[in-house]
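Notes follow the structure.
All ligand and atom numbering here is 1-based and tracks the order in the structure.
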Amino acid sequence: MNRRFADKVVVVTGGSRGIGAAVTQRLAAEGATLAIGYRSERPAAEDLVSRLTAGGGQAIAVQADVIDPAQLGHLMDEAVAAFGHLDVLVSCAGIEHFGTLQELTPADFDRVFGVNTRGQLFAVQHAVRHMRSGGRIVLTSSVSASRAVFHHTLYAASKAAVEAMVLNLAAELGKREITINAIAPGGTATDMAAEHAKSYPHPDLGLPLEAWMRTHIALRRLAEPEEIAAAYAFLASTDASYLTGRTLAADGGYF
Ligand SMILES: NC(=O)c1ccc[n+]([C@@H]2O[C@H](COP(=O)([O-])OP(=O)(O)OC[C@H]3O[C@@H](n4cnc5c(N)ncnc54)[C@H](OP(=O)(O)O)[C@@H]3O)[C@@H](O)[C@H]2O)c1
């Protein structure tokens with residue numbers, strides 16, 4: 001495989017499972033050194049580290065709840081303490097939410113925006129303290145930021161804010177030759193999708209997910225995490241040197 005990330009140190013938040021774990025493995029296969037952030041799944045994160053180091057790579061796992069900016073600062077500092085520098089931030093940590101307007105509480109708002117939006121903003125703030133010229137930042141939005149889904153308001157809004165963040169931070173970071181973009185994944189076969197994908201069809205139709213996908217997704221299926229990881233790898237690489245402030249939809253043609 002191409003060695004686009006040889007000598008690059010990469011922090012991946014939410015790197016223990018799902019899309020983040022697939023990104024971690026993809027970038028490691030291309031030569032990256034990894035600091036894997038996780039919240040609660042220490043065994044999954046440590047198992048990933050063991051597999052990467054057994055394959056000749058370098059990796060550490062660091063517990064960091066992204067809702068707490070101080071823990072994000074610790075994650076970036078640990079990466080630099082272990083490996084000397086920081087070149088790429090991939091921010092994958094996120095949580096789903098479905099609920100009607102009347103069910104929503106201020107605590108739901110604070111939790112969903114705290115992880116999906118605030119967590120990504122302060123990850124960027126702490127990462128760029130260490131980044132050199134040529135740094136790459138890839139955040140995570142969702143197709144839901146731009147497509148209406150019943151009872152998905154809070155999650156969708158938390159992700160739409162991320163697209164506005166990359167648009168505006170690109171201008172600020174450009175003078176340092178740091179690029180910042182987002183991936184907006186479509187439905188991807190992870191723990192999150194296993195729990196929540198069934199909520200995407202209109203609630204009155206009672207459609208099974210597979211039937212809904214045949215009429216709303218050109219490729220008629222969920223993505224595999226590895227397919228989404230390839231899009232992150234592109235934006236995190238030198239191949240994307242003139243691409244900043246943008247959100248790339250990796251959604252199988254969601255219509
Ligand atoms: N799967 C989809 O269909 C889909 C579609 C569009 C967008 N996305 C977005 O893609 C990203 C990854 O989703 P996924 O499907 O891979 O989810 P997942 O399988 O549920 O994994 C979530 C990851 O985020 C981490 N995480 C959650 N809350 C955290 C917190 N407060 N602090 C630190 N880490 C935290 C988890 O860590 P632990 O393992 O330690 O709990 C885990 O590594 C999310 O931002 C999600 O919104 C997913």
Can you confirm, on distance only, whether ligand 1 has an N/O atom lying under 3.5 Å from any N/O atom belonging to [X]?
| X | result |
| --- | --- |
| Tyr232 | no |
| Tyr155 | yes |
| Lys159 | yes |
| Gly187 | no |

At their closest point, which heavy atom of Leu121 faces which heavy atom of Met165, and how far apart are they?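 The answer is N-CE, 3.7 Å.
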Looking only at protein heavy atoms, which one is nearest to atom 36 (C) of ligand 1, and how far off is it?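 Ranking protein heavy atoms by distance from atom 36 (C) of ligand 1, first comes Arg17 NH2, 3.7 Å.
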Could you list which atoms of ligand 1 come closer than 4.0 Å to a heavy atom of [X]?
| X | value |
| --- | --- |
| Ser141 | 7 (C) |
| Gly18 | 16 (O), 19 (O) |
| Asp191 | 19 (O) |
| Glu41 | 38 (P), 39 (O), 40 (O), 41 (O) |
| Ile95 | 28 (N) |
| Val115 | 31 (N) |

Which residue from Gly20, Gly94, Gly186 reaches closest to atom 22 (C) of ligand 1 through any of its heavy atoms?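 Comparing heavy atoms across Gly20, Gly94, Gly186, the nearest one to atom 22 (C) of ligand 1 lies in Gly94.
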Suppose we call two aromatic rings close when their centres sit under 6.0 Å apart. Are Phe98 and His151 close by that rule?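 No: the rings miss the under 6.0 Å criterion.
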Is [X] in contact with ligand 1, taking contact as a heavy-atom separation below 4.0 Å?
| X | value |
| --- | --- |
| Ala64 | yes |
| Cys92 | yes |
| Ala21 | no |
| Thr13 | no |
| Gln71 | no |

Side chains of Thr140 and Tyr232, donor plus acceptor under 3.5 Å: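 Yes.
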I'd like to check Leu139 versus Asn181 (side-chain heavy atoms, cut-off strictly below 4.5 Å). Are they in contact?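 No. Closest side-chain heavy atoms not under 4.5 Å.
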Just let me know how Ile19 lines up against ligand 1, side chain, backbone, both or neither, with a heavy-atom cut-off below 4.0 Å.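 Contact part for Ile19 vs ligand 1: both backbone and side chain.
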